[in-house]
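Everything below concerns the one structure shown next.
In what follows, every heavy atom counts, from backbone to side chain, and hydrogens, waters and symmetry copies are set aside. Here, residue 1 is the first one in the sequence, and each next residue gets the next number.
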Amino acid sequence: MGESGLVIVGSGFAGICMAVKLKEAGYHDFVILEKAGELGGTWRDNTYPGCACDVPSHMYSYSYELNPDWSRMFAPREEIQDYLRACAAKYGITPHLRYGKDVVALEYDDGRRDWTVTTQDGEVLRTNAVVSGIGALHIPKFPEIVGRESFAGPAFHSAEWDHSADLTGKRVAVIGTGASAVQFIPQLAPDARHLTVFQRTPPWIHPKPDFAFSPAARRLLRLPGAARTLRGGIYWALESRALGFAVDPRLMKGHERLALRHLEAQVPDPVLRRALTPDYVIGCKRILISSDYYPALTRPNVSLVTEAITEIRERSIVDAAGVEHEADAIVYGTGFKVVDALTDRHITGRDGLSVQDAWKGGVEAYHGITASGFPNLFFLLGPNTGLGHNSVVFMIESQVRYVIECLRLLSRTGARALDVRPRAQRGYNDRLRARLDPLVWSAGGCRSWYLDEHGVNRTLWPGFTFEYWARTRKVKPGAYELIF
């Protein structure tokens, strides 16, 4: 059985940031357990054609490691993964990485006041603290459709892209029209014999203000303060979008007008345009950005089906109107198990408390970082810390700083562990719900992956990111029970 002062689970943006800031604070006794064979998280896993960030690159990066050399305003996935590799190398994180280590169990020992971490290959580690940096968008979700297993051709999720399947000249069916689908559909359309897109709910889409940075622009961004200034401008431009989310849904009208103008400009056919016009309040689901998705749907070899799917057969898909659509391959763009990402895991806290029992009424945590009954277990991008308007990397940095402050509190007091008091967690989440419930995500009975089975938003932060930054600046010792 090995020992480590701290275990980080996952090596995406969250895990790498945690590691960098631990070293900066003088903590060097830690390991990063990564289930895959290399780092990168979602940017390693999602290799579908056209995969790119939908947050401007200069904001979707660490504030302490600005990159003046992004090739585009919205970087492709390869560049983002290269950026993470470079960060790991520059900050000395690589020696702390342990690849092929899929964590299957976290168990707190009340007597020893530490955690036992078990990996799928049978390794067991004892550690004082655990930081979960697994993120939310990593467990592919498939729809429950009769006959799904009977399909004879290639069929795969966009996050598990089968690059051995040549889709050129094939009849390809795409199920889902979310953030990934609007990126890969335009890539598939020109080469497919026919592309059939099955849409359950049309997304609201804004034009994507993407462009390449010229060599001259990149040279300019290397000047002292230039990249920082650009990042600041992007931050406040994105933050202004939270007015409609966080203050009053009526302020979303401008976003709706922009989306409808974009749709009208790119889809001249009134019948197709009507099928692509959402009937729910903009913002209650993720607003997507694309300037090539609508044009792809207007191609003569592309058809949009808005009827529900009732059955998948060996070489076709049948819709609710009884129409059979022939297909040689199926690509599922059906998203991820977001709320389930934590509740499906084997985590046992104090007195044998399972995470499933702790969260039977819904997933919640204090500041989205600590959960009562699970001492010294910290979540990055935990419940209600996702964003619909800005970069989650900003949230990650705020949370990492908070975890470091918790570790410093332990050092100062000599305590072995800290556990958030139930009262503090309850009060925090009651205030959170009071803010969330009247806002756009619950408007008009809107359903989205932000909501759990009870219709409660367990995913997004309901305010401005600078509010979250301010609230997590300092740890309130009174909110925690110190365990000696």
Side-chain angles (χ1 to χ4, degrees), residues 2 4-47 51-53 55-72 74-103 119 123 125 127 129-135 137-138 213 215 218-219 221-228 230-231 378 380-381 391-401 403-404 407:
S4 179
L6 186 142
V7 168
I8 300 168
V9 184
S11 65
F13 265 95
I16 297 297
C17 183
M18 189 72 243
V20 169
K21 292 302 176 180
L22 280 172
K23 287 181 84 78
E24 188 180 278
Y27 296 92
H28 300 282
D29 181 17
F30 67 89
V31 294
I32 307 171
L33 302 182
E34 170 54 58
K35 65 181 178 181
E38 60 176 326
L39 57 77
T42 193
W43 303 106
R44 172 199 62 236
D45 294 345
N46 286 269
T47 61
C51 182
C53 194
V55 172
S57 315
H58 289 271
M59 193 62 222
Y60 196 82
S61 45
Y62 299 126
S63 64
Y64 54 85
E65 188 58 35
L66 301 186
N67 176 22
D69 288 315
W70 292 116
S71 67
R72 307 189 65 80
F74 296 86
R77 64 156 288 273
E78 297 87 351
E79 270 187 62
I80 299 171
Q81 193 174 5
D82 286 344
Y83 169 80
L84 284 172
R85 286 192 194 106
C87 288
K90 176 176 177 178
Y91 290 93
I93 303 310
T94 312
H96 296 269
L97 282 156
R98 304 283 183 272
Y99 292 119
K101 296 295 181 183
D102 187 5
V103 174
T119 60
E123 184 177 357
L125 273 170
T127 182
V130 179
V131 178
S132 171
I134 61 172
L137 305 179
H138 69 104
F213 288 106
R218 281 186 258 176
R219 280 197 300 274
L221 285 167
R222 287 191 204 106
L223 295 174
R228 180 79 54 198
L230 174 60
R231 179 186 173 91
F378 304 98
L380 303 179
L381 291 185
S391 170
V392 292
V393 181
F394 181 93
M395 300 293 275
I396 287 168
E397 289 193 42
S398 297
Q399 292 166 353
V400 164
R401 186 186 58 242
V403 174
I404 296 288
L407 297 177

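- For the residue pair H58 and P68, the shortest heavy atom distance occurs at CE1-CA, 4.1 Å.
- Ring pair Y91/Y64 is perpendicular by interplanar angle, where above 60° counts as perpendicular and below 30° as parallel.
- Atom OG1 of T119 and atom CG of L125 lie 7.5 Å apart (nearest 0.5 Å).
- Nearest heavy-atom pair across I32 and G10 is CG2-O, 3.3 Å.
- Rounded to the nearest 0.5 Å, atoms NE2 (H96) and CZ (F30) are 4.0 Å apart.
- Checked by atom type and distance alone, the side chain of R222 never pairs as donor or acceptor with a backbone atom of A227 at under 3.5 Å.
- For the atom pair CZ of F13 and CD1 of I396, the computed distance is 7.5 Å after rounding to the nearest 0.5 Å.
- Atom CD of E38 is separated from atom OG of S11 by 8.5 Å, given to the nearest 0.5 angstrom.
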Show the numbers, then the answer: is there a side-chain contact (heavy atoms from CB on, under 4.5 Å) between Y62 and V20?
CA-CA 11 Å; Y62 299 126; V20 169; 5.8 Å; no
Would you check, one step at a time, whether the test side-chain contact (heavy atoms from CB on, under 4.5 Å) holds for S61 with N67?
CA-CA 8 Å; S61 45; N67 176 22; 5.6 Å; no
Mind running side-chain contact (heavy atoms from CB on, under 4.5 Å) on L407 and L22 for me, showing each step along the way?
CA-CA 10 Å; L407 297 177; L22 280 172; 3.6 Å; yes
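- Of the inter-residue distances, the one linking L223 atom CG with R228 atom CZ reads 14.5 Å to the nearest 0.5 angstrom.
- In this structure, R77 contributes its side chain and W43 its backbone to a donor-acceptor pair below 3.5 Å.
- Considering every non-hydrogen atom in both C53 and Y60, the closest pair reads SG-CG, 3.4 Å.
- Nearest heavy-atom pair across Q81 and L39 is NE2-O, 3.0 Å.
- Here the closest heavy-atom approach between residue I93 and residue K23 is recorded as CD1-CD, 3.6 Å.
- Of all the heavy atoms in V55 and S391, the pair that sits closest is CG1-CB, 3.8 Å.
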Where do F378 and Q399 land on the side-chain contact (heavy atoms from CB on, under 4.5 Å) test, with the steps shown first?
CA-CA 9 Å; F378 304 98; Q399 292 166 353; over 6 Å; no
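- In this structure, the side chain of E397 engages the main chain of S63 through a donor-acceptor pair within 3.5 Å.
- Here OH of Y83 is found 10.5 Å from OG of S57. Values are rounded to the nearest 0.5 Å.
- In this structure, the side chains of M18 and I404 come closer than 4.5 Å at one or more pairs of heavy atoms.
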